[in-house]
Each structure stands twice: as C-alpha cells, then as structure tokens.
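Any value given below was found using the heavy atoms of this structure, including those in side chains, with hydrogens, waters and symmetry copies removed.
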Amino acid sequence: MRGRGLLAGWSLGLAAAVLGVAAWWLGRNDLPDGYQNEFIHLYTLVEIFFRWSGDGLGEAWPFLWDEYYPPLLHGPALLAMAVAGTGKTVAVLALGASVVPLLLATGELGRRASGAWAGAWAVTALAFAPAIFGNVRRYEPNVALAASVAVALWWLARGGLRGRRDVVVFGVICAAGLLVDRVIFAVYLAAPAVALMWRHRRWRSWAGAVAVVAVGAGYYYTRFVTLHADEILSQFGGEITADGESSEGFPVFSVRGLLYYGLAWVDGGLGLLPTLLVIVGVVLWGAGARRRATADTRLVLESTLVAGFAIFTVLGKKQPYYAIPLMAPAIVCAAAGWTTWVASDRARAVGLALLTLLGANQLAFMSRGEGLAPMPGRWATLGGASPLPAGYLGHEYVMAGPPFEQGLQIERMVELCKDAASGGRGLILLFSEGHGAYEGQMMPTLRLAAGHRRVPGMLMEPQAWEESADSATCFVYVARDPLRSWPTEQSIAGTFGQWNYHPPTVGLLDSLAATQRRATLSDRWISEPGEAVHVYALGSAPK
C-alpha cells in the first residue's frame, strides 16, 4: 500500500463498516448495553438537550458543567440530535463516530513508524478489536477517549511542539481530551510529553500548551475538584463492583495483578490470537523494526506504552477499559514489527487480507454469536471468545456480544402514548419491575424515543412521578409477573428493595391509586424474557 490517500481511504472504510454494524446492532438492542454508566450518561444527555431546547441554556448549564463526567462527552450527540432528531441510536452513533479520528490517527502513527503497510495493518487490527467495535455501540466515552489519546500521540510524533501552530493545536487536542473523560486523559499523555520536553528542551512551547489547556478545560476542572473530591479519592481503593457497594482487586505482585491488562485483552478486549500477534509484533519492533521510525515517533510510542501499563498496573482499581487507549500505540508497534519482518509488498498484502478475514470473523462472531465459519468449543477463541475461566479477572466487563432483543417495542409504546395524548406529547409515567427492562435503562431510552424529557420513572424519580401523576396522559408499566396487570404495594416494595432504593412513600402509593382510577388499558404484550408490557391511557384527573 502506497501513499497517505490509500491509507486514509482504508481507515475510513473500516470506520464505516464498524459504524454500519453498530447501527444494525443498535436497532436490535432494546436498551442501553452498559450496566452502570451508559444509562447515567443518557439520562444526563436527555436533561441537557431538552432543558436547552425547551427552557434555555441556563437550565441546562448545571448538567453540562457540574456532572462527574465532562461536557464534551455529550457534544457530538447534542449536535446530531439537533439535526437528525432524538433517539438512542442517533446519540450512540454520534459519539461512536469518534472511531473515525481514532483509526485515521492510528494509521498515520503506523505510517510514521514503518510506512503505509504498517498503518493499514494497525487500523485493521484496531477496528476489529471487541474493545473498539463493542464500545462504539455504547453511549460511553471509551472510544472517544482512545481517539483523543491517539490524535495527541500522532501530533507529538510529528516532532514535538516546534512552533506556535503545534502549541495551539496540541493544547486544543488536550483540552478536548480532558473534556471527554476527566483527568485520566492526562495519565496517558504525561510520559510522552515529559519525554519530548526533556529531549527538545522547548520549555516555552510546553508552557504555552499548558496555558491553552487551562483556558479550554480549566473552568470544568475547577468545578470538578470542588464538587467531586470525595468521589475522586474513592477511586484509588479498588475496583467498584457491579452493585457499587464493595471493592475488589488483586495484589500488585500476583499473576493477575501484574498481567491484568494483557489478560484483559485476551479475555475479550482484543481476542486471543490478535493479542498473541501483537505480543510477537512488539518483540519484532524491539528487535530492530523500531530503527525505521524517527526518534520522536519511537519515544512517543514506547514511553506511552511503558508508562501507561506501569501506572495502571500499580493502581488498585482494575478495569479493562483503562487499557483501551493503549491499544493503538501497542498495535502500531506490532504492525511495524510484522511489516518490517515481512519483506515484500505481496506478502504484506496477503497478511493484510488474512488480518481482515480474522477481524471480520471476530466482528461477526461477537455481534451475532456466529462467525464466518462454525466455531464450536475451543475454536470459538478464533472469534474472540475468552479462553480464561469465568470470573478470573473479577467482575466481567463484556466488551462485545450479540444484541439483547427483549421485544419491549419502545416505538410502539411511544405511538400508543401519542394516541392517548390525542396526537400530542403528553407526560408519560413509567414503572418497570423487570430485571431485564431495568427502569434506569428504560427511562432515558423512552425519553429519547418520545422526543421529550417528561417521562418520570417511579423507581428513578419517585418525587417527580408523584408530583406529575395528575397531569400525565399515559402510563407504561412493565410487570415481572406476566399475570399482573397493575403494580401492587408488594411488587413496588420488592423492586425498590432489589435496587437498594428507599421504600416508596405513602404519597407515591396514593398517587398510583389515583392514577389507576383513570387508567384504560391501550395495549399489552409479552417481552422476550417473559415480562408483561402494559400501556395505559390516562383520562382527565378529577377536579
């Protein structure tokens, strides 16, 4: 492969393929896929978008700047929804489009390390990593953070900060990275920045870059430290489990502690065979291929990898997501190693074709539960299945998998609720007892599908539910027991207890009883997990 144009075209084609599969997948996955954070991010996005569009910037401002996650996480989705309309798929794909700069920057890093073939191999391996295409399907900042890091590394690999333009652009990139996913962005960039600063001694240039970063991100981080200091400090004690109640971790000087992030790539972040290929490729890089790269490129790639793995290894908290931004530099080094060892362009083209076939097979297997060829049992590892025992790395963070088609029919709920409001956008009440249809995931999804924020959930917003009940025109109720047509005190108490919420108040139960007196069943169906979905039209409340 010759030239930047072909490499850029290959990168864009892979990005389009990943986003296309993501669109297909999102159309079949009823609710947000991330267990803890994704529905929280979507909830915040809904509040920002509808407060801004309905009430003005002043109402949206606290949700933009005072949250635990920074505002640029929501920027792409806000713009996309303003143009294309609201919806979970629109929001997720807008954020997932950060895979485009991720692959373009990775390709350029590979080209600088060992030519266009290395760039093509690198973007192929990265695009088909479950940690990348799996996280493109989630409204979470993992891919956007990896893209910010990759773009910053590419900019530094060009030769550090050589002039005013380099200083300003790098400062803007870093400010954007810090506004995508908190201060963790700086952890990845600290080592290469210090290494280049020491090598070139351009102290004023780096001071200028810091000034640009302070202007771009200083306001948010001043508020972040002030408002969330306790949360920040709590993150150093260990990994917070799925229920958020306890921590788990591994001693640093243990097999799992020292090799956690490499094992996490084998466990489903990259796949067994791709991880082995990366390891061998990095060895080939160190054995001589690195000499083809410029000194600055070598310094950027190697300092990022060594410092990144060292820092996250010694931290008590372990999460596979932390190693995602380290994939690009690791894969670039490996691709440079392999394409240096494979001498001819014909052999490199065959290698790229095989790598593409392996990646496409992995994408198919991890998206549909089947690959391009049947892979039962141990051969499933060729499709990205983990070879490690279940729970070996603690709580399982699934990077990619088939869609969870629950048959909730969110769009059908919206249409029935529009009919109940005589074609308008009346207030929708929601209560879900379902374990699969968790109300925290269902509420922002229904809000986005309905196109307005007034969908209070009884579990998530009990006070708003009680205060809004008299003016609601529709009630969506998901019952765990398919024979139950209306929530009971026992089923409500059980749901609140299951998710560790405070028991329902007397006022909430009274408002539910008043709602029942004016409710007429519009439709009812059974979801795939066997939970009953009810949509009630609500008549006028008595004067």
Exercise. Mark yes or no for whether E140, through its side chain, and E38, through its backbone, hold a donor-acceptor pair below 3.5 Å.
Key: yes
Self-check item: cation_pi(R256, Y392) dist<6.0 Å, angle<=45
Solution: yes
Quiz item: Side chains of Y322 and V187: does their closest heavy-atom pair fall under 4.5 Å?
Solution: no
Quiz item: For the atom pair CG (L299) and CG (L156), what is the distance rounded to the nearest 0.5 Å?
Solution: 9.5 Å
Exercise. Answer yes or no: is there a side-chain heavy-atom contact under 4.5 Å between T313 and L258?
Key: yes
Exercise. Output the distance between atom CG (L178) and atom CD1 (I173), rounded to the nearest 0.5 Å.
Key: 12.0 Å
Quiz item: Below 6.0 angstrom between ring centroids: does that apply to F312 and Y188?
Solution: yes
Self-check item: Expected output: side-chain R137 to main-chain L26 donor-acceptor under 3.5 Å
Solution: no
Exercise. For the residue pair L72 and Y220, establish whether any side-chain heavy-atom pair is separated by less than 4.5 Å.
Key: no
Quiz item: What pairs meet the salt bridge (charged side-chain N to carboxylate O under 4.0 Å, His left out) rule with one or both residues in residues 42-51, with sequence neighbours excluded?
Solution: E47-R51, E47-R447, R51-E59
Quiz item: Okay, side chain of Y221, backbone of V183: is any donor-acceptor separation there less than 3.5 Å?
Solution: yes
Quiz item: With side chains defined as the heavy atoms from C-beta onward, is the minimum distance between P444 and L45 less than 4.5 Å?
Solution: no
Exercise. Measure across S98 and A147 and return the closest heavy-atom pair with its distance rounded to 0.1 Å.
Key: O-CB, 3.3 Å
Quiz prompt | Pair F49-H74, side-chain contact (heavy atoms from CB on, under 4.5 Å): steps then yes or no | solution = CA-CA 9 Å; F49 183 81; H74 305 294; over 6 Å; no
Quiz item: Does atom CZ of R368 have more than 12 heavy-atom neighbours from other groups under 6.0 Å away?
Solution: no
Quiz item: Between CH2 of W10 and CG of L352, what distance do you get to the nearest 0.5 Å?
Solution: 5.0 Å
Quiz item: Should the heavy atoms of other residues, nucleotides or ligands under 6.0 Å from CH2 of W65 be counted, would the total exceed 12?
Solution: yes
Quiz prompt | Donor-acceptor under 3.5 Å (W338 side chain, L277 main chain) | solution = yes
Quiz item: If you draw the axis of the six-membered ring of W206, does the NZ or CZ of R202 fall within 45° of it and under 6.0 Å from the ring centre?
Solution: no
Exercise. Please lay out, stage by stage, how L31 and F404 fare under the test side-chain contact (heavy atoms from CB on, under 4.5 Å).
Key: CA-CA 8 Å; L31 297 178; F404 184 24; over 6 Å; no
Quiz item: Nearest 0.5 Å, what's the OG1-CG distance between T381 and L272?
Solution: 5.5 Å
Exercise. Report the distance from atom CG of L153 to atom OG1 of T106, rounding to the nearest 0.5 Å.
Key: 9.0 Å
Exercise. Compare every heavy atom of L103 with every heavy atom of A15, then report the nearest pair and how far apart it is.
Key: N-CD1, 3.7 Å
Exercise. For P141 and H41, work out which heavy atoms get closest and say how close.
Key: CD-NE2, 3.9 Å
Quiz item: Given the rule in the side-chain contact (heavy atoms from CB on, under 4.5 Å) test, do L12 and L104 qualify, once you have shown the distances and angles that lead to the verdict?
Solution: CA-CA 7 Å; L12 291 172; L104 288 173; 4.2 Å; yes
Quiz item: Should D296 and R112 count as an ion pair when the cut-off is N to O under 4.0 Å?
Solution: no
Self-check item: Interatomic distance, T44 atom OG1 to D66 atom CG [nearest 0.5 angstrom]
Solution: 11.5 Å
Quiz prompt | Pair S114, R292: side-chain N/O donor-acceptor within cut-off below 3.5 Å | solution = yes
Self-check item: Within 45° cone and under 6.0 Å: R201 NZ/CZ vs W198 ring
Solution: yes
Quiz prompt | A146 versus L102, closest heavy-atom pair with distance | solution = O-CD1, 3.7 Å
Quiz item: Between the side chain of W265 and the main-chain N/O of M327, is any donor-acceptor distance below 3.5 Å?
Solution: no
Self-check item: Under 3.5 Å: donor-acceptor pair, side chain of Q441, backbone of F39
Solution: no
Self-check item: Shortest non-hydrogen contact between L7 and G119, atoms and distance
Solution: CD1-C, 3.5 Å
Practice problem: Mind running side-chain contact (heavy atoms from CB on, under 4.5 Å) on D30 and T445 for me, showing each step along the way? | Solution: CA-CA 8 Å; D30 290 26; T445 305; over 6 Å; no
Quiz prompt | Residue pair P274 / Q362: nearest heavy atoms and the distance that separates them | solution = CG-OE1, 4.0 Å
Self-check item: Any donor-acceptor N/O pair, N361 side chain to L357 backbone, under 3.5 Å
Solution: no
Exercise. Tell me, with the steps shown, if K88 and Y139 meet side chain to side chain donor-acceptor pair (under 3.5 Å).
Key: CA-CA 9 Å; K88 176 171 65 71; Y139 192 74; over 6 Å; no
Quiz item: Does A330 offer a backbone N or O that forms a donor-acceptor pair with the side chain of W285 under 3.5 Å?
Solution: no
Quiz item: Quick one: does R223's side chain have a donor or acceptor within less than 3.5 Å of a partner on Y219's backbone?
Solution: no
